[in-house]
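One structure is given below, encoded as structure tokens.
FYI, side chains are in, hydrogens and waters are out, and symmetry mates aren't considered; it's all heavy atoms of this structure.
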Amino acid sequence: MKKWIITGLLVLLMLSVQVGPVFANTDEQEAAAAGFEVLVPQKDRVTSREVAMLSFSAPQGSTVTVEVFHNASLTDEDNFTALYEPMIFEIGALERGWVELQLKKGMNRIFLTTYLNGLPETPVSALEVEADEDRLVIERRITVKDLEEVREELTRNVRETTATDLIRRLTNTTEIPQPTE
């Protein structure tokens, strides 16, 4: 009987993780309204694979710049270095772009940038904070870890998840109602 309960809870946990809602930040909502979005990966992720496929959609005739930055230290947030020169893609009739990226172990930040009024004469790096109404930037973070680290993290998350947390995730509520007497 215990095996069935544990199996059922694990199935519910896996479903809640994969079907959970995804909230885009306002930059991504703005970009999606302009027809610019990242198709794969849809959100930040932790993986053991060092090769990542990046797929994006943008209006025909626009230009998308892909920049990849790497930080070997998971604790120091400001120590990013460029892995590649910026890659520039002209979007054609399919309104899609693809690129395969070779990442390194540690934190990898991928910035996709498009300009609404064409590519400027002097493009600015995505790491440089400069407000520009014509520029739309979408960021994805991919953390590459050893397979054992990923397994350990997943196991720790499953162990630390309580039944109450699981029910909250499944019902998308912040508070579970208590019975009244």
Side-chain angles (χ1 to χ4, degrees), residues 14 17-154 157:
M14 285 189 277
V17 169
Q18 293 188 4
V19 181
V22 176
F23 297 101
N25 60 27
T26 55
D27 293 339
E28 287 196 35
Q29 291 172 347
E30 213 175 277
F36 176 51
E37 61 184 326
V38 177
L39 304 173
V40 175
Q42 292 183 347
K43 56 185 176 181
D44 298 345
R45 62 180 48 188
V46 177
T47 183
S48 62
R49 297 181 181 176
E50 293 184 14
V51 176
M53 184 65 168
L54 182 68
S55 174
F56 50 92
S57 172
Q60 182 177 357
S62 63
T63 303
V64 176
T65 304
V66 177
E67 295 177 276
V68 181
F69 297 93
H70 172 71
N71 184 358
S73 168
L74 295 175
T75 57
D76 185 14
E77 280 287 319
D78 297 328
N79 192 17
F80 284 94
T81 57
L83 276 182
Y84 307 106
E85 291 293 319
M87 296 171 263
I88 300 173
F89 296 91
E90 295 286 332
I91 304 301
L94 291 177
E95 297 185 349
R96 298 279 191 271
W98 301 269
V99 64
E100 185 177 290
L101 301 172
Q102 183 69 35
L103 303 175
K104 291 186 177 181
K105 290 199 186 306
M107 173 72 76
N108 296 279
R109 290 175 74 181
I110 303 168
F111 291 97
L112 291 96
T113 308
T114 190
Y115 291 88
L116 298 176
N117 295 328
L119 195 63
E121 293 176 12
T122 56
V124 179
S125 173
L127 282 181
E128 296 177 25
V129 181
E130 181 179 307
D132 189 356
E133 293 178 9
D134 291 339
R135 184 173 84 165
L136 296 173
V137 179
I138 298 177
E139 176 186 2
R140 291 290 184 264
R141 292 175 183 237
I142 299 178
T143 305
V144 179
K145 294 183 176 182
D146 290 325
L147 187 58
E148 287 303 316
E149 288 178 290
V150 174
R151 275 193 194 133
E152 181 181 308
E153 189 172 314
L154 181 62
N157 287 343

Checklist line | Atom pair CZ (R140) and CG (L54), whose distance is rounded to the nearest 0.5 Å | finding: 9.0 Å
Check: With sequence neighbours excluded, what pairs up with E139 under the salt bridge (charged side-chain N to carboxylate O under 4.0 Å, His left out) test?
Finding: R109, R141
Next item on the list: State, with a plain yes or no, whether a side-chain heavy atom of R135 is found less than 4.5 Å away from one of T113.
Entry: yes
Notebook entry, point to check: OG/S48 to CD/E149 distance, rounded to the nearest 0.5 angstrom?
Noted result: 10.0 Å
Checklist line | Validation row: S57, V38 side chains within 4.5 angstrom (heavy atoms) | finding: no
Next item on the list: Any chance you could measure L147, atom CG, to T47, atom OG1, to the nearest 0.5 Å?
Entry: 9.0 Å
Notebook entry, point to check: Quick one: are T114 and F56 in side-chain contact, heavy atoms under 4.5 Å?
Noted result: no
Next item on the list: Find the distance between OH (Y84) and CD1 (I110) and round it off to the nearest 0.5 Å.
Entry: 9.0 Å
Check: Do you know the tightest heavy-atom contact between P59 and G35?
Finding: CD-O, 3.5 Å
Next item on the list: Verify the neighbour count for atom CD of Q102: are there more than 12 heavy atoms of other residues, nucleotides or ligands below 6.0 Å?
Entry: yes
Checklist line | E37 side, atom CD; E28 side, atom CD - distance, nearest 0.5 Å | finding: 9.5 Å
Check: Roughly how far apart are E50 CD and L103 CG, rounded to 0.5 Å?
Finding: 8.0 Å
